[in-house]
Number of protein chains: 2
Amino acid sequence: MKIDKSLVRTFPLFEKMDDADTEALLVHSTSRRVPVGEAVFEQGAAATHFFLLLHGRLKVTQVTEDGQQIIVRVVHPGDLFGFAKALMRSDYPGTATAVAESIALSWPTELWPQFVDKNPRLAVTAMQTIGQRLEEAHARIREMSTQEVERRVAHAVLRLAKQAGRKEGGAVRIDFPISRQDIAEMTGTTLHTVSRIMSAWEAKGLVEGGRQKLTVKDVDGLSALAETVKG
Amino acid sequence: MKIDKSLVRTFPLFEKMDDADTEALLVHSTSRRVPVGEAVFEQGAAATHFFLLLHGRLKVTQVTEDGQQIIVRVVHPGDLFGFAKALMRSDYPGTATAVAESIALSWPTELWPQFVDKNPRLAVTAMQTIGQRLEEAHARIREMSTQEVERRVAHAVLRLAKQAGRKEGGAVRIDFPISRQDIAEMTGTTLHTVSRIMSAWEAKGLVEGGRQKLTVKDVDGLSALAETVKG
DNA sequence: CTCTTTCTTTGACACACCGCAAACATGGGA
DNA sequence: TCCCATGTTTGCGGTGTGTCAAAGAAAGAG
């Protein structure tokens, strides 16, 4: 399949790569369309490929032994994902599902060492990515350890607004379908509690919600809420 | 300082390294004694060195903006730690404090690339380590999202027993001083709740506690409790 | 256009957990 | 040896959140 090179070049990963190297990467890649609800890979499956999201939005989830689901992270265009093998894992630790119509590029994991060898920038980027993820995970642990639900939800929503926000006048609209349940799974609570919190916010004019829709109307107000030291 | 090479060789990192390579690493290292309560490095400080724990026990902590502390992980002998630079960070994300008299080896971070270059095994080990840590972090997030406090504490204690346990008859004693507060900071609760839970366990004969002491008397019983699906 | 499914909202209730407070152990230092 | 700092235990009340239950929107299917 023909890849739009100019799109790819806008991603941080390729920013400082020359055309030849970019081409060398792309020529080995396969592109795939992923309809909403479909999984790119599933938790526990053998890690045969690693991926780059070109377009759309994915959520990476894990299921606990007793059947509860959590959202580990949201994958945005330009993100590398599913490179378990680079971390010396043989299987994917989570499931990546499209929450919006998506297009992903994939490479066989066997090619990873060659690519890294040929283009050290890839290794650096991968390391940075992993480092960031570890940090994010720790930040989340910190939040869950010390903050009450409302603040956690506020943080999660603000993060989404930043990463997937689309300005609409003074407001910021989350640019993909997201449910109360999703937000609950990102913050470690229940959809009921999320719903209640968001109703309260709506009454205060901070956000505007709808079925799988969410718009932040007052970013500053919500930020204030997120940073509020209790007491 | 003279390093005991035979000790080092028992660590997984060096297991498959030959004497020459091991020597090459050690010759550039500095060893340092760390008394209880002292920090090897502090959160936010420039990452000038990376470390290997030879002996003792450290805890890595982070402090939130509003002053609350959490324990990110416990460092055991043989563990690499503080290699922020390998993840392209310029500062340490946490503080590493000795909870028992410790000895750590350190190398300047500038040497990391050379070492990796010369000994690819180091890179692989580092990657594995990071991968594991990311997984552990996600496991912890999963736990905190879905499990009530008692189960989380049970898991934490069992983990400690496995990583730092010392068999004493049928029981397993945690081999370093650990307070209720510490356990609270590892599980995202308060020392009061931990104390209450452990009192209950003690009454059931599962554990035996004391001032900064903890012995698991019935590992199976505690495991059962940790796995119990509520309801 | 209506039916059905999926998502959301809201209420009522219970309880796990936290915060506050005070007494109680423990071990090291003077 | 006694004392003091530090860690632990326990009680009590408040409340933030989960659970259960049911009704109300919204979107897609037929």
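Below, chain A is the first sequence line, B the second, and so on; all start at residue 1.
- The separation between B:L214 atom CG and D:dT9 atom P is 10 Å, rounded to whole Å.
- Across the protein-nucleic acid pair, B:D182 atom CG and D:dT6 atom P stand 15 Å apart, rounded to whole Å.
- No engagement by B:G209 is indicated, since no non-hydrogen atom pair under 4.0 Å with the nucleic acid exists.
- Between B:T189 and C:dC18 there is a side-chain polar atom (N or O) within less than 4.0 angstrom of OP1 or OP2.
- In terms of position along DNA chain D, the nucleotide closest to B:S179 lies nearer the 5' end than the nucleotide closest to the other residue of the pair A:Q147 and B:S179.
- Counting heavy-atom neighbours within 6.0 Å of A:H76 NE2, excluding the residue itself, gives a total above 12.
- Picking from D:dA27, D:dT9, C:dC17 the nucleotide with the shortest atom distance to the side chain of A:K213 gives D:dA27.
- At a cut-off of 3.5 angstrom, the base of D:dT8 holds no donor-acceptor pair with the side chain of B:H192.
- We find that CG of A:L191 is positioned 9 Å from P of C:dT9, with the value rounded to whole Å.
- Here D:dT15 presents its P atom at 16 Å from CD of A:E150, a figure rounded to the nearest Å.
- The environment of NZ in A:K85 is crowded: more than 12 heavy-atom neighbours from other residues, nucleotides or ligands sit within 6.0 Å.
- A straight line from CG of A:D66 to P of D:dG18 spans 15 Å, rounded to a whole angstrom.
- As a whole-Å value, the separation of B:R152 CZ from C:dC18 C1' is 13 Å.
- Remark: B:S199 is in phosphate contact with D:dT10, judged by side-chain N or O atoms under 4.0 Å from OP1 or OP2.
- Of the candidates D:dT6, D:dC12, D:dT9, D:dT6 carries the atom nearest the B:R211 side chain, counting heavy atoms from C-beta on.
- For A:T193 and D:dG18, the shortest distance from a side-chain N or O to OP1 or OP2 is below 4.0 Å.
- Distance A:I178 CD1 to D:dA26 P: 19 Å, rounded to the nearest Å.
- In this structure, CD of B:Q181 is placed 14 Å from C1' of C:dG19, rounded to the nearest angstrom.
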Inset, instruction - Take B:R73 and B:E136, measure what side chain to side chain contact (heavy atoms under 4.5 Å, CB included) needs, and give me the verdict at the end. - result: CA-CA 10 Å; B:R73 70 185 189 107; B:E136 281 161 22; 5.6 Å; no

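- If you check every strand for non-hydrogen atoms under 4.0 Å, B:Q212 touches sugar and phosphate atoms only.
- Across all strands shown, B:S195 has heavy atoms under 4.0 Å from base atoms, whether or not it also approaches the sugar-phosphate.
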Inset, instruction - Please assess B:F51 against B:V75 for the test side chain to side chain contact (heavy atoms under 4.5 Å, CB included), listing each intermediate value before the final yes or no. - result: CA-CA 11 Å; B:F51 305 84; B:V75 181; over 6 Å; no

Inset, instruction - Give the intermediate values and the outcome of salt bridge (Lys or Arg N to Asp or Glu O under 4.0 Å) for residues B:K213 and B:E168. - result: CA-CA 14 Å; B:K213 277 196 283 287; B:E168 287 188 350; over 6 Å; no

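- Side-chain atoms of B:R196 and base atoms of C:dG19 include a donor and an acceptor less than 3.5 Å apart.
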